[in-house]
Amino acid sequence: MYILGNGRIITQDSANPYIENGAIAIKNDKILEISSLGELEKKYPDFEFIDAQNKVIMPGLINTHMHIYSSFARGMKVLGSTRNFDEILKNLWWKVDKNLNANDIKYSALATYIESIKNGVTTVIDHHASPLEIKGSLKIIADVANKLGIRTSLCYEVSDRDGIEIAEIGIKENVDFIKYTNSLNSDMLKGMFGLHASFTLSDETLEKCQNLMKDLNVGYHIHVAEGSTDLTNSLEKYGKRVVERLNKYGIFGEKTIAVHCIHVNDSELDIIEKSGCCVIHNPESNMGNAVGCSPAIKMLEKNILVGLGTDGYTADMLESLKVANIIHKHSLCDPTVGWIESPKMLFENNREIAKRQFGCETGILKTGAKADIVIMDYTPHTEMNSDNLYSHILFGISGKSAITSIINGKLIMRDREFVNLNEKEVFEESRKISKKMWKRLGI
């Protein structure tokens, strides 16, 4: 039980968006009350006090699309040309994922979750791939998440690119993990049904997945029309655009996460809107892969639930917020866009997407919500108030401003140090293990 106080509170609650000098009482996994520090100390004298030291207290951030397995590619020499997105997949990511063993998966997860927490992230929705180490891979990641105390949703990336046998093992990994997480009935761990993308999935595989999904009560997590190849492949092989083809197999629904949706037209957006499906915008990844700018602004105008993710490019959601703000200004040649839409994606829509996945309320500071809270080391040098919060966040706060993190009511990090984890030892071992993986790749 904690009282977190003596700080400027950004609640993300429209009924009470900003408290100049407030405090939060936490009991078990939930926020008990938000009030003045003096009032809460009188009411709850036995609660441990955490001093925010006039810094900013805000809800933990939510990353709605991550690739934990990409961790070991950082600093790695790319084997082959990367002149376009197809070559980036073949010469980087599809070589990395094929060389992951169980220990690589474990330490990729440790490194990524640690970095996420140190960037103020308390919830991660991940999309995993390790074609030669599939069975039990999601449980390895789940065990790491449990050890660190972070909220997470996991799936395995089913694809036909490595043959039917591997695709079927991937399907089974999804089904087994979903059944496992359903049996736990925990709002800290959930499973989804992962699919790579239309251009690496046959009709036969999609039909198998559709049949197995009927009684699982979860959504799909799939890349949709990220690169132009996905669209041309679908048109040439199946005579349909990507969303039209996938819709035939019941892919879209309120619990499904459709990632990117760059090469889509208005009729496809109508299908997505009607289905209630979530779309995740990953601006930095899209720019890095040169696949185009997402029509995220148009999707929001059509009332599609568009959230913000990182696609493994970074663990810093506030960095992605800043890029989302400017990429649409640049692409549309309109300085007025992005200012409202970007924080809506990160703070409002990601919260709704997480609620659909985990069945709980996080990403907001109010009585009864999950106690997923971070203290950010930021002291404003101009007035901070309920009207200019996003300006301060956009131009003043970064992910690495996170100094203290509480997840599900538990103190995970305090003053940049993990409470029950030796971060230095983890990264020392991670460097050794990743070096071995690089060696297997011939680097």
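Small disclaimer: the values here were computed from a predicted structure and weren't measured.
- The pair Glu33-Lys27 does not meet the salt-bridge criterion, since no charged nitrogen lies less than 4.0 angstrom from a carboxylate oxygen.
- For the salt bridge (Lys or Arg N to Asp or Glu O under 4.0 Å) test, no residue two or more places apart in sequence or in another chain qualifies with Lys106.
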List, one per line, each side-chain donor-acceptor pair under 3.5 Å for residues 145-152, sequence neighbours excluded.
residue, atom, partner, partner atom, Å
Arg151, NE, Asp372, OD2, 3.1
Arg151, NH1, Asp187, O, 2.6
Arg151, NH1, Asp187, OD1, 3.4
Arg151, NH2, Asp372, OD1, 3.1
Arg151, NH2, Asp372, OD2, 3.1
Arg151, NH2, Asn408, OD1, 3.2
Thr152, OG1, Tyr113, OH, 2.8
Thr152, OG1, Val124, O, 2.8

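- Applying the salt bridge (charged side-chain N to carboxylate O under 4.0 Å, His left out) test to every pair with at least one member in residues 7-26, sequence neighbours left out, gives these pairs: Arg8-Glu20.
- Ring geometry for His260 versus His65: interplanar angle over 60°, hence perpendicular rather than tilted (30 to 60°).
- The side-chain contact (heavy atoms from CB on, under 4.5 Å) test applied to Val291 returns Phe85, Glu226, Ile262, Asn286, Asn289, not counting sequence neighbours.
- Glu284 pairs by the side-chain contact (heavy atoms from CB on, under 4.5 Å) definition with Tyr313, Thr314, Glu319, Ser320, Val323, not counting sequence neighbours.
- Sorted by first then second residue, the salt bridge (charged side-chain N to carboxylate O under 4.0 Å, His left out) pairs that include residues 70-91, not counting sequence neighbours, are Arg74-Glu115, Arg83-Glu87.
- Legend: residues meeting side-chain contact (heavy atoms from CB on, under 4.5 Å) with Lys95, ordered by chain and number and at least two apart, are Leu79, Asn91, Leu441.
- Under the salt bridge (Lys or Arg N to Asp or Glu O under 4.0 Å) criterion, Lys55 pairs with Asp377, sequence neighbours left out.
- Shown here are the salt bridge (Lys or Arg N to Asp or Glu O under 4.0 Å) partners of Asp311, two or more places apart in sequence or in another chain: there are none.
- Here Lys139 pairs with Asp143 under the salt bridge (Lys or Arg N to Asp or Glu O under 4.0 Å) rule; sequence neighbours left out.
- Put simply, NE2 on His127 and OG on Ser70 are 12.5 Å apart, with the number rounded to the nearest 0.5 Å.
- Screening residues 389-402 for salt bridge (charged side-chain N to carboxylate O under 4.0 Å, His left out) gives no qualifying pairs among residues at least two apart or on separate chains.
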Sequence neighbours excluded and cut-off under 3.5 Å, please list the side-chain donor-acceptor pairs for residues 270-278, or say none.
residue, atom, partner, partner atom, Å
Asp270, OD1, Lys302, NZ, 2.6
Ser275, OG, Ile272, O, 2.7
Ser275, OG, Cys277, N, 3.1

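- Without hydrogens or angle criteria, Asn350 side chain to Leu308 main chain gives a donor-acceptor distance under 3.5 Å.
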